[in-house]
Amino acid sequence: MKVSIITSCYNRHSVVRKAIESVLAQDYPNIEYIVVDGNSTDGSMDIIHEYRDRISRIVCEPDNGMYEAINKGIRAATGDIVGLLHSDDCFYDPHTISEVVEAFKNSKAEMVYGNGLFMNERDTERIVRKWISGKYSRKAVRWGWLPLHPTVYMKRDCFEKVGMYDENYRIAADTDFLVRCLYNQHLKVHYLDRFIVKMRMGGLSTDPKLCRRKWSEDIKQYKANGIPPYPALTGKILSKIPQYIKAKIPW
């Protein structure tokens, strides 16, 4: 099975190298790596081009944000399975993709997801949150549960059923996409109980300054997807509290 991994990037000079090297360090042999840059001006493309012989496809052109870049990557992908690795994230270990593929083979699932670690933005050795996704149920989605978006891998042909990321959302397109997958489309889903990614705090979904806008978009997408928005949003917010607690427990 070929796995297409998409990295979207815009002015991420200080972190994109680690993301690229994390993909190139994977021990799974059949990876198509696609990097979509929004015409960075900070030297990100200089770093990306250092690895051009090992990157399957590089797209560098202006876009209207991360979700347009992701959609470009999905359209370019030719793999059986598609996943994302954002430019400020890295894989948990070199065996991650091998285990994701094994999970697809054993479960016959259309979507596989797992767990993630949130790291301090400046000190990436310090764990701030542990996102242990747990098992999927459609009822849980109605009450605000979702897997961590960058841990999600999906069969490429499922995009024909689910559609692409809705670029009208500036922050919540990932939430809308997952709700469409898990609540409206009834995909066959498998939970891989292992860490998939390590993520820096400070991205769109974790920036406290953007919370009000994100909540507003969340309410809009829940309504559009036929879910009572306020109970779902409340459940989504409250579900994050245990993540911080688990990060403090030394096990």
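With Ser56 contributing its side chain and Glu32 its backbone, the two residues share no donor-acceptor pair below 3.5 Å. With Asn225 contributing its side chain and Ile227 its backbone, the two residues share no donor-acceptor pair below 3.5 Å. Looking only at distances, a side-chain donor or acceptor of Arg180 sits under 3.5 Å from a matching main-chain atom of Met164. Judged by distance alone, with hydrogens and angles left aside, the side-chain atoms of Glu99 form no donor-acceptor pair with the main-chain N or O of His95 at under 3.5 Å. The backbone N or O of Gly114 sits less than 3.5 Å from a side-chain atom of Thr151, completing a donor-acceptor pair. Formation of a donor-acceptor pair under 3.5 Å by the Arg156 side chain with backbone atoms of Asp80 is not found in this model.
Note that CG of Leu146 is 10.5 Å distant from CG of Asp176, once rounded to the nearest 0.5 Å. Here OG of Ser40 is found 3.5 Å from CG of Asp37. Values are rounded to the nearest 0.5 Å. Residue Ile81 holds its CD1 atom at 6.5 Å from NZ of Lys155, rounded to the nearest 0.5 Å. We find the OG1-CG distance between Thr96 and Leu192 to be 9.0 Å, quoted to the nearest 0.5 Å. Distance CD/Glu61 to NZ/Lys72: 3.5 Å, rounded to 0.5 Å. Atom CD of Glu217 and atom CZ of Arg212 lie 15.0 Å apart (nearest 0.5 Å).
Remark: Cys90 engages Lys18, Ser22, Lys198 in a side-chain contact (heavy atoms from CB on, under 4.5 Å) (not counting sequence neighbours). Under the side-chain contact (heavy atoms from CB on, under 4.5 Å) criterion, His49 pairs with Met45, Arg52, Ile58, sequence neighbours left out.
Ion pairing between a basic and an acidic side chain is recognised when a charged N comes within 4.0 Å of a carboxylate O; Asp218 and Arg213 show no such pairing.
For the pair Cys181 and Val162, the tightest heavy-atom approach, listed with the atom from each and the gap, is SG-CG1, 3.5 Å. The shortest heavy-atom contact between Ile70 and Ser8 is CG1-OG, 4.2 Å. In plain terms, the two heavy atoms of Leu85 and Ala19 that are nearest each other are CD2-O, 3.5 Å. Minimum heavy-atom separation, Leu148 to Ser133: N-OG, 3.7 Å. Taking all atoms of both residues into account, the shortest heavy-atom contact from Val141 to Leu182 is CG2-CB, 4.0 Å. Across all their heavy atoms, Lys108 and Lys188 have their closest contact at O-CD, 3.5 Å.
Tyr169 and Val179 fall into different hydrophobic clusters, where Ile, Leu, Val, Met, Phe, Trp and Tyr side chains are chained together by heavy-atom contacts under 4.5 Å. Transitive grouping of hydrophobic side chains (ILVMFWY, heavy atoms separated by less than 4.5 Å) keeps Val15 and Ile48 in distinct clusters.
Note: Tyr165 and His149 meet the aromatic proximity criterion, with ring centroids under 6.0 Å apart. For Tyr28 and Phe91, the ring centers sit 6.0 Å or farther from each other. A centroid separation of 6.0 Å or more is found between the aromatic rings of Trp143 and Tyr222. Taking the six-membered ring for Trp and the full ring otherwise, Tyr113 and Tyr153 have centroids separated by 6.0 Å or more.
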| request: Please report the C-alpha distance between Leu24 and Gln26 in whole Å, then the side-chain angles of each, then the deciding distance to 0.1 Å, and finally whether the side-chain contact (heavy atoms from CB on, under 4.5 Å) criterion is met. | output: CA-CA 6 Å; Leu24 299 180; Gln26 291 300 297; over 6 Å; no
| Run the side-chain contact (heavy atoms from CB on, under 4.5 Å) check on His13 and Ile47 step by step: do they pass? | CA-CA 7 Å; His13 175 273; Ile47 294 174; 3.5 Å; yes
| Derivation and outcome, side-chain contact (heavy atoms from CB on, under 4.5 Å), residues His190 and Met111 | CA-CA 6 Å; His190 177 74; Met111 174 190 285; over 6 Å; no
| field | Test side chain to side chain donor-acceptor pair (under 3.5 Å) applied to Arg54 and Tyr33, step by step | value | CA-CA 8 Å; Arg54 301 177 67 190; Tyr33 188 30; over 6 Å; no
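With hydrogens and angles left out, the side-chain atoms of Tyr191 and Asp193 include a donor and acceptor closer than 3.5 Å. Using modelled atom types, one finds a donor on one side chain and an acceptor on the other under 3.5 Å when comparing Asn71 with Glu167. For the residue pair Tyr92 / Arg194, no side-chain donor-acceptor distance below 3.5 Å is found, with atom types taken as modelled. The closest side-chain donor-acceptor pair between Thr175 and Gln221, if any, does not fall under 3.5 angstrom.
For Arg142 and Tyr183, the positive end is not near the middle of the six-membered ring at less than 6.0 Å and at most 45° from its axis.
Counting heavy-atom neighbours within 6.0 Å of Lys220 NZ, excluding the residue itself, gives a total of 12 or less.
Residues Ile5 and Ile34 have side chains not in contact (no heavy-atom distance under 4.5 Å, counting atoms from C-beta outward).
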